[in-house]
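One structure is given below, encoded as structure tokens.
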Amino acid sequence: MKKIFNIDKATEGKARAGVITTDHGEIQTPIFMPVGTVASVKTVHQRELREDIKAQIILGNTYHLYLRPGMEVMEAAGGLHQFMNWQKPILTDSGGFQVFSLADSRKITEEGAKFKSHIDGSYHFISPEISMEIQRKIGADILMAFDECTPYPCEYHQAKKSMEMTHRWLKRCMDWCEENPPIYGHQQYLFPIVQGSTYSDLRKISAEVISEADCAGNAIGGLSVGEPEEEMYRITDEVTDILPKEKPRYLMGVGTPWNILESIGLGIDMMDCVMPTRNARNGMLFTWDGVINIRNEKWKKDFSPLDESGTAFVDFEYSKAYLRHLFVAKEYLGKQIASIHNLAFYLDLVTQARKHILAGDFYEWKNTVVPRLRQRR
Ligand SMILES: N#Cc1ccc(CCNc2nc3cc4nc(N)[nH]c(=O)c4cc3[nH]2)cc1
């Protein structure tokens with residue numbers, strides 16, 4: 001398997017700083033990936049993603065893009081990079097998680113998932129092979145294997161059955177990719193996904209099966225699905241002990257700013273979550289000094305800059321009082337300002353983490369910063 005990851009510096013712990021190389025450019029790790037589900041990171045321009053947020057890679061979604069605009073349009077455009085004019089790396093999730101959490105009704109069998117579109121109620125079917133075919137046409141640089149995200153909580157035997165099906169589906173994904181090369185001329189790397197719910201023995205088996213698949217990178221799934229934070233950390237720690245050190249590790253769907261730093265400390269290189277953008281649209285701002293609910297009355301006459309420790313233009317060009325007004329008045333501009341702020345903060349979080357890993361003081365730094373991140377302002 002082609003080597004796409006180079007570690008610049010490992011720490012005395014499990015945190016490491018590295019570079020992932022794709023045909024659409026390099027990604028400095030640890031990295032946070034803004035979620036652009038339906039070919040847009042909600043309320044944010046591609047130019048703002050590049051220049052203000054300094055995003056290096058964004059996420060797209062197989063389930064959503066398959067339903068709308070559909071693969072006919074996607075192929076005619078020459079893939080998602082061309083369609084949305086984003087020329088840096090893209091990762092697409094495989095559709096399983098979205099089918100299970102979004103579709104109005106779905107039936108899972110060994111063959112795949114039958115589901116009803118949440119958009120117009122039409123019936124569809126997705127299988128490992130169909131997910132790979134869709135992701136080929138989307139053209140993302142990193143493709144996620146079609147898996148079953150085991151629900152939480154679940155009985156041991158259910159978790160075991162679900163994990164074993166995910167392992168059989170992985171083989172079907174790999175076989176299909178072997179037979180059907182990329183169609184746009186750039187490399188596409190398949191990442192398999194570790195499952196096993198919160199059972200250590202199942203997670204060990206799954207991490208070993210995933211490592212054996214010898215793909216370019218590896219992902220940890222089935223977390224950030226309602227389990228206690230400490231369980232998420234315990235499982236992540238156990239799985240990163242088994243996944244190969246020389247390949248990128250992607251923890252799916254994580255998380256809060258403090259989850260991000262703790263996960264980096266446990267050997268994670270890549271993370272994604274809708275939290276910064278979804279919370280932004282509700283007026284929740286993440287900062288180095290904690291979380292601000294901008295709708296709160298206390299900001300009504302606070303004309304200080306949005307975030308004195310911020311890195312984006314919105315942090316200095318607008319006041320807290322102005323942003324609060326926009327939310328109260330339901331002005332679209334409010335969601336745009338808050339989304340740029342939160343995403344720029346998440347990218348600054350991982351940029352600072354990388355800096356401290358390279359400087360050799362990541363864990364001391366993390367332990368001073370995490371309590372501040374969690375507080376309510
Ligand atoms: N605001 C907000 C907010 C909304 C949702 C979430 C949960 C995200 N968690 C999550 N995404 C996932 C995607 C996943 N994709 C796949 N293919 N497999 C997974 O096991 C998987 C697990 C996930 N866990 C977290 C925060």
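Note that this is a predicted model, so its numbers are computed, not measured. The basis for the numbers below is simple: all heavy atoms, side chains too, and nothing from hydrogens, waters or symmetry mates. Just so you know, ligand 1 is whichever comes first in the structure, and atom 1 is the first atom listed for that ligand.
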Original post:
Could you give the distance from CD (Gln195) to CG (Leu223), rounded to the nearest 0.5 Å?
Top reply: 8.0 Å

**OP:** Tell me whether Ile193 is reachable from Phe100 by hopping between hydrophobic residues (I, L, V, M, F, W, Y) whose side-chain heavy atoms are closer than 4.5 Å.
**Re:** yes

**OP:** Any atoms of ligand 1 less than 4.0 Å from a non-hydrogen atom of Cys149? List them with their elements.
**Re:** 19 (C), 20 (O), 22 (C)

**OP:** Go through the side-chain N and O atoms of Tyr346 and His341 and say whether any donor and acceptor fall under 3.5 Å apart.
**Re:** no

**OP:** Kindly confirm or rule out an N or O of Arg278 lying under 3.5 angstrom from an N or O of ligand 1.
**Re:** no

Original post:
Do you see a donor-acceptor pair shorter than 3.5 Å between the side chains of Lys14 and Thr240?
Top reply: yes

Original post:
Side chain, backbone, both or neither: which part of Met144 comes within less than 4.0 Å of ligand 1 when only heavy atoms are counted?
Top reply: neither

Subject >> Protein heavy atom at shortest distance from atom 15 (N) of ligand 1 >> reply: Asp93 OD2, 2.7 Å

**OP:** Would you tell me which option among Asn61, Thr92, Leu223 has the nearest heavy-atom contact to atom 24 (N) of ligand 1?
**Re:** Leu223

Original post:
Taking the hydrophobic residues Ile, Leu, Val, Met, Phe, Trp and Tyr, and joining any pair whose side-chain heavy atoms are under 4.5 Å apart, which ones share a cluster with Val225?
Top reply: Phe97, Tyr152

**OP:** Select the closest option to atom 7 (C) of ligand 1 among Ala145, Gly95, Ser224, judged by heavy-atom distance.
**Re:** Ser224

Original post:
Among Leu251, Asp147, Ile220, which one has a heavy atom closest to atom 18 (N) of ligand 1?
Top reply: Asp147

Subject >> Residues that Asn293 engages under side-chain hydrogen bond (donor to acceptor under 3.5 Å, both in side chains), provided they are two or more places apart >> reply: none

Subject >> Met252 and ligand 1 - part of the residue with a heavy-atom distance under 4.0 Å >> reply: both

Original post:
Taking only heavy atoms of Ile193, which atoms of ligand 1 are found under 4.0 Å from at least one of them?
Top reply: 17 (N)

Original post:
Relative to atom 22 (C) of ligand 1, which among Ser131, Gly253, Gly222, Ala219 owns the nearest non-hydrogen atom?
Top reply: Gly222

**OP:** Would you please say whether a donor-acceptor pair under 3.5 Å links the side chains of Tyr156 and Asp201?
**Re:** yes

Original post:
Can you tell me which residue and heavy atom of the protein come closest to atom 21 (C) of ligand 1, and the distance to 0.1 Å?
Top reply: Phe97 CD1, 3.7 Å

Original post:
Between Arg136 and Gln188, does any side-chain donor sit less than 3.5 Å from a side-chain acceptor?
Top reply: yes

**OP:** Give the numbers and elements of all ligand 1 atoms closer than 4.0 Å to a heavy atom of Gly221.
**Re:** 19 (C), 20 (O)

**OP:** Evaluate the side-chain contact (heavy atoms from CB on, under 4.5 Å) criterion for residues Met132 and Asn180: first the C-alpha distance (whole Å), next the side-chain angles of each, then the deciding distance (0.1 Å), finally the verdict.
**Re:** CA-CA 9 Å; Met132 292 299 109; Asn180 300 272; over 6 Å; no

Subject >> Ser94 contact mode with ligand 1 (heavy-atom cut-off under 4.0 Å) >> reply: side chain

**OP:** Answer yes when Arg168 and Glu110 have at least one side-chain N-carboxylate O distance shorter than 4.0 Å, and no when they do not.
**Re:** yes

Subject >> Nitrogen or oxygen of Gln195 less than 3.5 angstrom from that of ligand 1 >> reply: yes

**OP:** Number the atoms of ligand 1 from 1 as they appear, then name those within less than 4.0 Å of a heavy atom of Asn279, with their elements.
**Re:** 1 (N)

**OP:** Identify the residue among Val314, Ile294, Asp315 that makes a side chain to side chain contact (heavy atoms under 4.5 Å, CB included) with Ile337.
**Re:** Val314

Original post:
By number and element, which atoms of ligand 1 are closer than 4.0 Å to a non-hydrogen atom of Cys273?
Top reply: 25 (C), 26 (C)

Original post:
Quick one: does Gly96 get a heavy atom under 4.0 Å from ligand 1?
Top reply: no

Original post:
Looking at Met275, which atoms of ligand 1 are within less than 4.0 Å of one of its heavy atoms?
Top reply: 1 (N), 2 (C), 26 (C)

**OP:** Among all protein heavy atoms, pick the one closest to atom 4 (C) of ligand 1 and tell me residue, atom and distance.
**Re:** Val274 CG2, 3.4 Å

Original post:
Is there a donor-acceptor pair under 3.5 Å between the side chain of His186 and the backbone N or O of Gly139?
Top reply: yes

